[in-house]
Number of protein chains: 2
Amino acid sequence: MLARVSSTPTFKRLPRAIREQQMLDAAVRVFSRRGFHAASMDEIADDAGISKPMVYAYLGTKEELFVACLHRETARMMEAIAGAAAPDLPADQRLWRGLRAFFGFVGAHRDGWAVLYRQARGSQPFAGELAAMRARLVEVVAGMLDHALRTEGREVAATELEVVAYALVGASESLGDWLADHPDADPEKTATRMMNAAWLGAGQLLHGATWRPPTD
Amino acid sequence: MLARVSSTPTFKRLPRAIREQQMLDAAVRVFSRRGFHAASMDEIADDAGISKPMVYAYLGTKEELFVACLHRETARMMEAIAGAAAPDLPADQRLWRGLRAFFGFVGAHRDGWAVLYRQARGSQPFAGELAAMRARLVEVVAGMLDHALRTEGREVAATELEVVAYALVGASESLGDWLADHPDADPEKTATRMMNAAWLGAGQLLHGATWRPPTD
DNA sequence: GCGTAACCTTACGCGCGAGTAGGTATGCTG
DNA sequence: CAGCATACCTACTCGCGCGTAAGGTTACGC
């Protein structure tokens with residue numbers, strides 16, 4: 001029989017939509033700092049300021065909850081990037097804005113990123129989700145490169161393009177990961193650095209320069 | 001009172017050193033296909049063809065076992081790379097050989113790589129180990145770049161170098177990860193592609209070319 | 001003001017898997 | 001061939017954490 005005279009407004013009954021978001025927020029926090037398996041539903045519920053059965057009622061089992069987190073964070077990130085890199089801009093502008101949006105997102109949602117990038121990787125059930133997102137990104141980047149090439153009259157095999165795109169995306173992810181661990185680092189600056197390496201490297205490649213392995 | 005008339009030679013009593021290696025082999029396999037938490041000590045013991053208490057006796061608790069795997073695989077990989085990229089070679093040679101060794105290692109030890117790269121990332125206790133390895137790699141690469149620069153009379157801030165090195169390592173890791181999932185892909189070819197992107201991009205940077213963000 | 005639906009709780013069942021107790025067989029040393 | 005160490009086993013304990021059953025309370029329509 002607790003005296004519920006607490007003044008915190010977070011105590012009232014809240015509609016489902018809001019509670020779900022709170023739960024997802026809490027889940028992302030807990031998953032990111034504990035990892036999927038080490039995270040307990042009790043802790044998530046506690047962190048969300050609600051009891052466990054509510055979590056089950058609204059968002060289902062632990063796996064389903066994690067997938068829900070993945071989806072939300074993925075959607076947010078893709079939206080941020082897609083919104084920044086408008087298709088009608090010139091290639092370098094698109095790349096630059098995309099990178100800036102990406103690093104901005106990671107800087108602002110460090111734990112969301114940790115869930116996406118670090119946790120989802122290991123376990124089969126979720127790796128697919130992540131891979132799908134990455135595939136979309138790679139596709140976009142490859143398309144961007146391809147477009148840039150065609151307007152200059154050059155053409156490169158699709159596989160080749162894809163690998164370059166993959167390397168770019170991978171490098172960005174790694175740098176994003178680094179950013180997530182360095183709270184004092186500046187997302188904008190990181191984006192600039194990445195852009196430098198990417199654009200210059202890609203530019204060379206696109207203009208037909210190659211490095212040949214020695215015949216040792 | 002089983003009739004142990006089996007003819008399999010894997011049934012004899014074996015010295016500790018050998019059993020430990022078998023256990024580590026099994027552990028790497030199981031960890032890589034299940035993930036750390038989903039892997040059970042029973043399955044590892046079973047896969048190693050021995051009973052659980054032996055695993056505990058020789059390699060300790062589950063965490064200790066995982067760390068042992070990490071150490072072995074890390075050591076093998078660093079050894080492969082260091083052995084290939086002799087310090088007295090010219091910079092592009094070192095980079096090329098290092099990359100080739102790296103992708104060769106990943107191609108040949110796909111599940112070892114999966115343990116290192118995918119599992120260790122998420123959970124705090126192990127992330128440190130991984131980070132340490134990556135830090136060594138980054139340091140080496142940064143040193144390589146720095147050396148290349150100095151012999152050409154140029155000089156770049158350490159932070160700047162480190163970020164470039166980090167991007168290179170990250171891109172390689174991502175491509176390695178891609179390689180691990182594509183058994184039909186050729187490590188050598190992947191290494192060549194990575195080298196192209198890396199060397200051309202780095203080359204540009206090192207010669208002072210930069211891309212400047214527009215003032216939008 | 002009363003039913004009914006949405007919100008929310010406490011308190012449990014129960015399986016799975018880490019880690020251990022205690023004992024057996026085999027080889028090596030004197 | 002005693003004695004001791006090393007290799008090896010079966011069979012348990014026990015806690016943790018997912019998921020649920022069963023019930024209480026606030027709001028809202030009528």
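Each chain gets a letter, A, B and so on, in the order the sequences are listed, and its residues count up from 1. Keep in mind that this is a model prediction, so the values were computed, not measured.
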Any residue of residues 32-43 of chain A with a heavy atom less than 4.0 Å from an atom of DNA chain D: A:Ala39, A:Ser40, A:Met41, A:Asp42
Strand-adjacent residues in residues 57-67 of chain A, judged by heavy atoms under 4.0 Å from DNA chain D: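 Heavy-atom contacts with DNA chain D come from A:Thr61, A:Lys62.
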Selection from C:dC7, D:dA11, C:dT9 that lies nearest to any side-chain heavy atom of A:Arg16: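 Looking only at side-chain atoms, A:Arg16 lies closest to C:dC7.
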Options C:dT20, D:dC18, C:dC7, nucleotide nearest the side-chain atoms of A:Lys52: D:dC18
Divergence of helical axes at both termini of the helix from C:dG1-D:dC30 to C:dG30-D:dC1 - five pairs an end, 10° steps: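 The two end axes of the helix from C:dG1-D:dC30 to C:dG30-D:dC1 meet at 10°.
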Partner set under ring-ring contact (aromatic ring centres under 6.0 Å, His included) for A:Phe103, not counting sequence neighbours: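 ring-ring contact (aromatic ring centres under 6.0 Å, His included) check on A:Phe103 returns nothing, list empty.
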Where at least one partner belongs to residues 138-149 of chain B, residue pairs that pass side chain to side chain donor-acceptor pair (under 3.5 Å), sequence neighbours excluded: B:Asp146-B:Arg150
For B:Asp111, side chain to side chain contact (heavy atoms under 4.5 Å, CB included) partners two or more places apart: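 Result, side chain to side chain contact (heavy atoms under 4.5 Å, CB included) vs B:Asp111: B:Val28, B:Arg29, B:Ser32.
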Of all pairs that satisfy salt bridge (Lys or Arg N to Asp or Glu O under 4.0 Å), the ones with a partner from residues 54-68 of chain B, not counting sequence neighbours: none
Sequence neighbours excluded - salt bridge (Lys or Arg N to Asp or Glu O under 4.0 Å) pairs with any residue from residues 125-138 of chain A: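 The answer is A:Arg134-A:Glu173.
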Ion pair A:Arg193/A:Asp186, N-O distance below 4.0 Å: no
OP1 or OP2 of D:dT6 under 4.0 Å from side-chain N/O of B:Arg19: no
Quick one: list whatever passes salt bridge (Lys or Arg N to Asp or Glu O under 4.0 Å) with [X], sequence neighbours left out.
X        : result
A:Asp42  : A:Lys52
A:Glu43  : A:Arg33, A:Arg34
A:Arg110 : none

Identify all pairs in which a protein N or O lies below 3.5 Å from an N or O of nucleotides 27-29 of chain D, and state each distance.
{"from": "D:dA27", "atom 1": "OP1", "to": "A:Lys12", "atom 2": "NZ", "distance (Å)": "3.4"}

